S.K.: 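Got a structure here, written out as structure tokens. Questions coming.
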Amino acid sequence: METLTKLGARAPGPGPDAEITHLKPPVDPASLVHRQLLDGPFWQQIPAYREVDEATFMDWGWQARHSVTSHAKLVAAVGDLAPKAFLDDVADGFRRAPMAMRVSPYILALIDWNDPYADPLRRQFITVGSKLLPDHPKLTLDSLHEQADAPVPGLTHRYPDKALFLTLDTCPVYCRFCTRSYAVGLDTDAVDKVSLKATEERWTQAFKYISERPELEDIVISGGDSYQLKARQVTLIGERLLAMPNIRRIRFATKGPAVMPMKLLSDDEWLDALTAVVEKGRRLHKEVVIHTHFNHASEITAITKRALDKVFERGIIVRNQSVLIRGVNDTVASMQLLVKRLGHCQVHPYYVYLHDMVKGVEDLRTTVQTACDLERHVRGVTAGFHTPTFVCDAPGGGGKRVVHSFEHYDRDTGVAVYAAPSVKPGYFLYFDPIDTLAPEIQTRWKDPAEQQRMVEDAVAAARAAQARNAKASSI
Ligand code: SF4
């Protein structure tokens, strides 16, 4: 008995009814706002949907057929809910935008039409002419060089073991900031698109290439958007890839859960086809997951939660890749809320991307510094595996670099220099939006000779920093 006491046998503890001493003060219920999801017939605030009942609104086919694709349809849907001056501004933006407009009724109903200029959802999908800024002079239409790295049309092979398979070129919505505005959606006044139609002939070429590259293990099925694939196409693509011995992981990329969650509740054929591929993959010890794209907490409603619960019950992992967008999720509060609400719905907040350098959306880009600052504030609010990595998808095909891993960042000129030694040789440059820089620097960006000087100075500083690091490095 004496021995047991020495080994730490405990005296009887307090009973189950004993009072507990809390070390932390009670939380403010407002800090749990990520669990409060919009429910009820919120869509009936839109004049065109006033008589639309729940069964109709929850039908994904109705959502697709009633998506707003023109200025006239927008005016017809929102009526006088939006100020006339705003709608005129949209008409101007519509003419100048590189992306065609397509907004689902679900998203349209979540926009605050009392203040559409500031609304984070409106900013992502509906262009207003008065807010457009000139493009950065270093910007190109396909800034990530996806076409240059494509051995067959629509298949980008950049990382050694991973390929991006663009199966088609349509989406349930069109985002203003789309990296693939060179291909996705209809032609606009500003851009003639590269065609990436869903043809089995093109897909066969892609399958052949993937099967002939033993180093490829991981395929991202994107577009466009996997939501747009027919159920039989999901099965065909999934089964062809799972049958290849080299393929270990497949990701179906879709923005659908963020913009049309009801499809997961009402298109059983599509979700059953995806579930069957996931289950077959599991039997073969291969991972098949969904990668989605929420950018703001207000995209997540009670409908979203019900849809994602259904996906979760089927054992399908969902990861999220957000884009960091000015006026949408570039504050600590908005990013923390998004991350917490994604976690509440069992979606892993995987990446936050620095906004790509795409045409016609300078008003939406932010700075490298903003991304670094946000990362610092988001890390620690939840578990590490629910904490997104903030990355810069390096223009020119350098791939994703952790945002603060630049070799050099000149905060005055807004030039960040990244290196990607395991992807491609050379340097990859990201440029902060010019309107965020000091007036004298903005003037320098107007002069091509000065532009060249700023770039050369940044690259020289990066080279010097790398040389110093190489001296200190042990690898
Ligand atoms: S859903 Fe994705 S691919 Fe489609 S327009 Fe938006 S960002 Fe581009």
Side-chain angles (χ1 to χ4, degrees), residues 60 63-64 67-69 93-94 97-108 110-111 120-127 141-144 146-147 150 153-156 164-188 190-191 193-198 219-229 251-264 270 290-296 299-300 304 318-326 328-329 338 347 350-361 364-365 391 393 400:
W60 71 275
Q63 289 278 333
S67 290
V68 168
T69 52
F94 196 77
M99 280 302 276
M101 178 159 68
R102 186 169 195 184
V103 189
S104 61
Y106 173 78
I107 288 292
L108 204 73
L110 290 173
I111 291 173
L121 274 59
R122 193 288 301 162
R123 287 177 69 82
Q124 294 180 64
F125 301 106
I126 302 172
T127 307
L141 188 56
D142 175 13
S143 77
L144 301 184
E146 288 185 340
Q147 294 173 90
L155 186 84
T156 299
L164 169 68
F165 183 10
L166 305 178
T167 51
L168 75 179
D169 55 14
T170 61
C171 303
V173 293
Y174 293 131
C175 314
R176 290 183 55 210
F177 48 85
C178 183
T179 300
R180 292 187 197 112
S181 57
Y182 67 86
V184 167
L186 301 171
D187 291 348
T188 65
V191 179
K193 309 279 167 158
V194 172
S195 171
L196 292 176
K197 297 274 171 283
I219 305 296
V220 180
I221 310 297
S222 187
D225 195 298
S226 297
Y227 241 40
Q228 302 296 100
L229 293 170
R251 321 176 207 173
F252 282 89
T254 171
K255 193 166 172 66
V259 295
M260 205 184 282
M262 53 283 292
K263 182 176 166 89
L264 299 170
W270 189 88
I290 294 177
H291 273 209
T292 192
H293 179 181
F294 289 91
N295 287 330
H296 193 270
E299 293 156 9
I300 304 173
T304 324
V318 184
R319 302 190 190 112
N320 188 66
Q321 304 189 181
S322 296
V323 177
L324 177 56
I325 306 174
R326 203 191 310 191
V328 173
N329 54 17
L338 172 63
V347 175
Y350 171 40
Y351 273 144
V352 175
Y353 288 85
L354 203 54
H355 195 303
D356 289 328
M357 296 192 60
V358 284
K359 269 178 112 47
V361 283
L364 296 184
R365 289 205 303 124
V391 293
D393 209 343
K400 295 165 202 71

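Just so it is clear, the structure is predicted and the values come from calculations on it, not from any experiment. Counting starts at 1 for both ligands and their atoms, following the listed order.
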S.K.: For a distance under 2.8 Å, give residue and atom name for each protein N, O or S atom next to atom 6 (Fe) of ligand 1.
M.R.: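 You should have found Cys175 SG.
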S.K.: If the test is side-chain contact (heavy atoms from CB on, under 4.5 Å), which one of Leu168, Leu166, Leu229 qualifies with Ile221?
M.R.: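 By the side-chain contact (heavy atoms from CB on, under 4.5 Å) criterion, Ile221 pairs with just one of Leu168, Leu166, Leu229: Leu229.
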S.K.: Are the side chain of Tyr350 and the backbone of His291 linked by a donor-acceptor contact shorter than 3.5 Å?
M.R.: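 A pair under 3.5 Å: no.
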S.K.: What pairs with Ser226 under side chain to side chain donor-acceptor pair (under 3.5 Å), at least two apart in sequence or on another chain?
M.R.: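 With sequence neighbours excluded, Ser226 shows a side chain to side chain donor-acceptor pair (under 3.5 Å) to no residue whatsoever.
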S.K.: Between the side chain of Asp225 and the main-chain N/O of Lys255, is any donor-acceptor distance below 3.5 Å?
M.R.: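 Checking the backbone N and O of Lys255 against the side chain of Asp225, a donor-acceptor pair under 3.5 Å is found.
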S.K.: Apply side chain to side chain donor-acceptor pair (under 3.5 Å) to Arg251 and list each qualifying residue two or more places apart in sequence or on a separate chain.
M.R.: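 Partners of Arg251 by the side chain to side chain donor-acceptor pair (under 3.5 Å) criterion, ordered by chain and then number, come out as Asp218.
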S.K.: Show the atoms of ligand 1 that are less than 4.0 angstrom away from any heavy atom in Met99.
M.R.: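 In order of number, 5 (S).
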S.K.: Listed by chain and number, what are the ring-ring contact (aromatic ring centres under 6.0 Å, His included) partners of Tyr351, not counting sequence neighbours?
M.R.: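 By the ring-ring contact (aromatic ring centres under 6.0 Å, His included) rule, Tyr351 matches Tyr353.
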